[in-house]
Amino acid sequence: MPKPLIGISTYLEPARWGVWDLPAALLPAGYPRLVRASGALAAMLPPDEGPTAAAEVVARLDGLIIAGGADVEPVRYGAEPSPRTGPPARERDAWELALIDAALASGTPLLGICRGLQLLNVALGGTLVQHLDGHTGGRGVFGEHTVKPVPGTLYASLVPEAAEVPTYHHQCVDRLASALIASAHAEDGTVEAAELPGAAWVLGVQWHPEMGRDTRVTEGLVRAAATR
């Protein structure tokens, strides 16, 4: 049986390599490495402005990961930017929201990572806390803290015990979208995972599994992708 194909959204950023200094579609290598370690093939999905591109791309995938990255622009959830919110990444916001909509409409298994969880919440009508402390290891350094699963959830079926996870976020879920349920929390009460109950496999995690060794969450995505 062919391995499932998992698409991963990418950054669109200026980059420098060799003699070149050009706009580039970027993705930390941990993401495709995690997908491969979980038993699937990885495909990078750079932003596309075509009105039907997201649906066409998702139709060719077995599963989708919305990767971490820049802050979601507050206008997307009806808020004014705070002084500590980063600059907008409008092309990426639009592209990833379109990918999420296409995945939800088609029943394609979907995993949101950090920003991906935040965008999933915004796509379904939730809001975000624009800054919190204590969830990084310092500027450019991943931290680690414990997340506790909510019994009976999809996430708890994958990781039933409290687990130490790699974390780097200064934003998080504020008002959880009514369609979602929280499936893990940090010790300070921060929503660390949320999911969409129902037939489709839809889960978001606030931490960065691509920076750790625990593949159980992505293995769950890959199993769901393989059995569609």
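- Between the R228 side chain and the P109 main chain, no donor and acceptor come within less than 3.5 Å of each other.
- No side-chain heavy atom of T10 sits less than 4.5 Å from a side-chain heavy atom of Y31.
- Separating the CD1 atom in I66 from the CZ atom in R115 is a distance of 8.5 Å, to the nearest 0.5 Å.
- Here the closest heavy-atom approach between residue L5 and residue A43 is recorded as CD1-CB, 3.9 Å.
- Residue-environment remark: CD (E161) exceeds the threshold of 12 foreign heavy atoms within 6.0 Å.
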Decide yes or no on side-chain contact (heavy atoms from CB on, under 4.5 Å) for V217 and L111, but give the supporting numbers first. CA-CA 9 Å; V217 168; L111 173 63; 3.8 Å; yes

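- With rounding to the nearest 0.5 angstrom, the CZ atom of R223 is 9.0 Å from the CH2 atom of W201.
- Counting heavy-atom neighbours within 6.0 Å of R216 CZ, excluding the residue itself, gives a total above 12.
- When the side chains of ILVMFWY residues are joined at heavy-atom separations under 4.5 Å, either directly or via intervening members, L203 and V191 end up in two distinct hydrophobic clusters.
- In this structure, D62 CG and R60 CZ are separated by 13.0 Å, a value rounded to the nearest 0.5 Å.
- L124 and Y77 end up in the same hydrophobic cluster when Ile, Leu, Val, Met, Phe, Trp and Tyr side chains are linked at under 4.5 Å.
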Tell me, with the steps shown, if V205 and L117 meet side-chain contact (heavy atoms from CB on, under 4.5 Å). CA-CA 6 Å; V205 299; L117 165 61; 5.8 Å; no

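- A salt bridge is absent between E210 and R33; no separation between the charged side-chain nitrogens and carboxylate oxygens falls under 4.0 Å.
- Hydrophobic clustering places L158 together with W207 (ILVMFWY residues linked when any side-chain heavy atoms are closer than 4.5 Å, directly or through intermediates).
- A donor-acceptor contact shorter than 3.5 Å is absent between the side chain of S183 and the backbone of V150.
- Taking CG of D48 as the start and CD of E91 as the end, the distance is 10.5 Å to the nearest 0.5 Å.
- Heavy-atom minimum distance, T215 versus A37: CG2-CB, 4.3 Å.
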Verdict with supporting geometry, I181 and E195, side-chain contact (heavy atoms from CB on, under 4.5 Å): CA-CA 6 Å; I181 61 170; E195 59 195 57; 3.6 Å; yes

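- Side-chain atoms of P47 and L12, non-hydrogen and from C-beta on, do get closer than 4.5 Å to each other.
- Judged by distance alone, with hydrogens and angles left aside, the side-chain atoms of T153 form a donor-acceptor pair with the main-chain N or O of A156 at under 3.5 Å.
- F142 has its ring centre less than 6.0 Å from the ring centre of H208.
- Closest approach of Q130 to P74, counting heavy atoms only: OE1-CG, 3.5 Å.
- Across all their heavy atoms, A40 and P4 have their closest contact at CB-O, 3.3 Å.
- Looking only at side-chain heavy atoms (C-beta outward), L26 and E13 come within less than 4.5 Å of each other.
- Residues Y11 and W95 keep their aromatic ring centres 6.0 Å or farther apart.
- Put simply, the side chain of I8 does not reach to within 4.5 Å of the side chain of L45, judged on heavy atoms.
- Around atom CH2 of W20, no more than 12 heavy atoms belonging to other residues, nucleotides or ligands sit under 6.0 Å away.
- Put simply, the side chain of E192 never gets that close to the backbone of Q206: no donor and acceptor are under 3.5 Å apart.
- Counting all heavy atoms, side chain and backbone alike, A89 lies closest to A70 at CB-CB, 4.0 Å.
- When only modelled atom types and interatomic distance are considered, E96 and S9 share a side-chain donor-acceptor pair under 3.5 Å.
- Checked by atom type, the side-chain pair H145/D188 shows no donor-acceptor distance below 3.5 Å.
- Between L41 and V35 the shortest side-chain heavy-atom distance does not fall below 4.5 Å.
- Linking Ile, Leu, Val, Met, Phe, Trp and Tyr residues whenever their side-chain heavy atoms come within less than 4.5 Å places I6 and L154 in a single cluster.
- Annotation: the span from T190 atom OG1 to Q171 atom CD amounts to 12.5 Å, rounded to 0.5 Å.
- Nearest heavy-atom pair, G68 versus C114, reported as atom, atom and distance to 0.1 Å: CA-CB, 4.2 Å.
- Side-chain contact of T85 with S82: a donor-acceptor pair under 3.5 Å is present, judged by distance alone.
- There is no path of hydrophobic side-chain contacts, each under 4.5 Å, that joins V58 to L221.
- Of the possible polar contacts, none joining the E73 side chain to the D93 backbone as a donor-acceptor pair under 3.5 Å is found.
- Of the residues L97, N121, L119, the one that meets the side chain to side chain contact (heavy atoms under 4.5 Å, CB included) test with V72 is L119.
- If you take CE on M211 and CG on D214, they are separated by 14.5 Å, rounding to the nearest 0.5 Å.
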Applying side-chain contact (heavy atoms from CB on, under 4.5 Å) to V122 and T127, what does each step give before you reach the verdict? CA-CA 6 Å; V122 168; T127 63; over 6 Å; no

